[in-house]
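Below, chain A is the first sequence line, B the second, and so on; all start at residue 1. Everything numeric here is computed off the predicted structure, so don't read it as measured data.
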2 protein chains.
Amino acid sequence: MPRRCWRGGHGWRGLGCGQRLTAPRQAIYQALSGAQGHLSADEIFLRVRGRMPGIGLATVYRNLELLRTGGHIRSVDAGDGKARYELHQAAGGPGHHHHLICRQCGQVIDYMDFEKDELALVKKLETQLSGKYKYQIAEHDITFYGTCPNCAKRD
Amino acid sequence: MPRRCWRGGHGWRGLGCGQRLTAPRQAIYQALSGAQGHLSADEIFLRVRGRMPGIGLATVYRNLELLRTGGHIRSVDAGDGKARYELHQAAGGPGHHHHLICRQCGQVIDYMDFEKDELALVKKLETQLSGKYKYQIAEHDITFYGTCPNCAKRD
DNA sequence: TTCCTTAATGTTAACAATTCTCATTATCAT
DNA sequence: ATGATAATGAGAATTGTTAACATTAAGGAA
């Protein structure tokens, strides 16, 4: 009855105490790691249903939320009314990128042209903030907003 | 009949050609400048209705969108399923801040502890990006995600 | 001022994304 | 294998946001 709380028994870091490693959960994660960035819940649902015909949409939502709070994935808001998800990439690691979003049409560009000093600055900020506010900082997002060349023409 | 397109005649920069300066529009903007940051459309609606009982919720949404694409305000996604709005503060200017968001409970902290090199780096990135992608960059957002001390306890 | 064009409004219905309910199934420590 | 319970699938219900439409009003022209 006491059933102590253990972690990581099944090899997946980030699943909390009592959380189970299920097939839909893995399939959803794989769908995200397969495609590159910015899938909506609906798109993930469709992809996963390809290999797992019986899966329900609610399960997708439930697991995205779980993966998100667990730090495996993060959501991006492109302003089109639906949340989009992508794998969480460690700062400085491969795949790490930031966003450039058009305020008018919502187009999202991933960019990876980092300045060499960028990582150092981010690290410094993290340390500072985590000290001041007692947050455990896991990731960051740098996004620039503006007008894309297409929308600029229409002005 | 030709009615030429003029701008700024009523003193409000950022309203496009043909856009009118109406009472609800001003009230909504004032509601945002009155309270400090992160109001949802619903909250803005309630506040404005205090002074302007007949206003409709759709009007709030319409004007928030107008103010947003016009560059007066911007929306922040705290992950709680509703868009939140705040006045757009020019980078480096007073009131400019970044965000620290708890992935679990969605708490949003504004921070203004900038490093002196931060502004310089952002400017450099802006120039670089706007050259490469032909974007007119108007603003940026730097957000750190993590776990707040409260939610860390519950783990 | 008064007129006229048309942007903006308020109401309501419609919509689409997300969450909830609940009976059933499946994970996994024992 | 067994039992406690986390997770699932189906669908209904809820919620934030947008569209439709008839009405009002901003503001340039006369």
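- To the nearest angstrom, P of D:dT14 lies 17 Å from CG of B:Asp42.
- For the pair B:Gln26 CD and D:dA25 P, the interatomic distance rounds to 15 Å; values are reported in whole Å.
- Looking at the side chain of A:Gln19, the nearest of the listed nucleotides D:dA26, D:dA7, C:dC28 is D:dA7.
- Looking only at side-chain heavy atoms (C-beta outward), A:Glu86 and A:His99 come within less than 4.5 Å of each other.
- One can place CD of A:Glu65 at 17 Å from C1' of D:dT8, the figure rounded to the nearest angstrom.
- Side chains of B:Thr143 and B:Asp141: a donor on one and an acceptor on the other come within 3.5 Å.
- Side-chain atoms of A:Arg62 and base atoms of C:dT19 include no donor and acceptor less than 3.5 Å apart.
- Between A:Tyr111 and A:His98, the ring-plane angle classifies as perpendicular under the 30° and 60° cut-offs.
- Over its full length, the helix from C:dT1-D:dA30 to C:dT30-D:dA1 turns its helical axis through 50°, comparing axes from the five pairs at each end and rounding to 10°.
- For the pair A:Leu21 CG and C:dC28 P, the interatomic distance rounds to 6 Å; values are reported in whole Å.
- Between A:Met52 and B:Ala41, the residue whose closest nucleotide on DNA chain D is further toward the 5' end is A:Met52.
- In terms of heavy-atom proximity, B:Pro24 sits nearest to B:Thr59 at CB-CG2, 4.0 Å.
- Going from atom CG of B:Asp80 over to atom P of D:dG16 covers 9 Å, rounded to whole Å.
- In this structure, the CZ atom of B:Phe45 is 16 Å from the P atom of D:dT15, given to the nearest Å.
- One interatomic measurement links the two molecules: CD1 of A:Ile28 to P of C:dT18, which rounds to 14 Å at whole-angstrom precision.
- Residue B:Arg47 places its CZ atom among 12 or fewer non-hydrogen atoms of other residues, nucleotides or ligands, all under 6.0 Å distant.
- Looking at heavy-atom distances under 4.0 Å, A:Asn63 makes contact with sugar-phosphate atoms alone, never a base.
- With rounding to whole Å, B:Arg49 atom CZ is found 13 Å from C:dT11 atom C1'.
- Within the 4.0 angstrom heavy-atom criterion, no nucleotide atom of any strand lies near A:Ala23.
- With salt bridges taken as basic N to acidic carboxylate O contacts below 4.0 Å, one links B:Glu65 and B:Arg68.
- Within 4.0 Å (heavy atoms only), A:Thr22 reaches sugar-phosphate atoms of the nucleic acid but no base atom.
- Between B:Phe144 and A:His140, the two ring planes are tilted [angle within 30° to 60°].
- At least one side-chain nitrogen or oxygen of A:Tyr61 sits closer than 4.0 Å to the OP1 or OP2 atom of C:dT18.
- Residue contacts shown for A:Ile55 are limited to sugar-phosphate atoms, with no base heavy atom under 4.0 Å away.
- Checking C:dA7, D:dT8, D:dT5 against every side-chain atom of B:Arg20, the shortest atom distance belongs to C:dA7.
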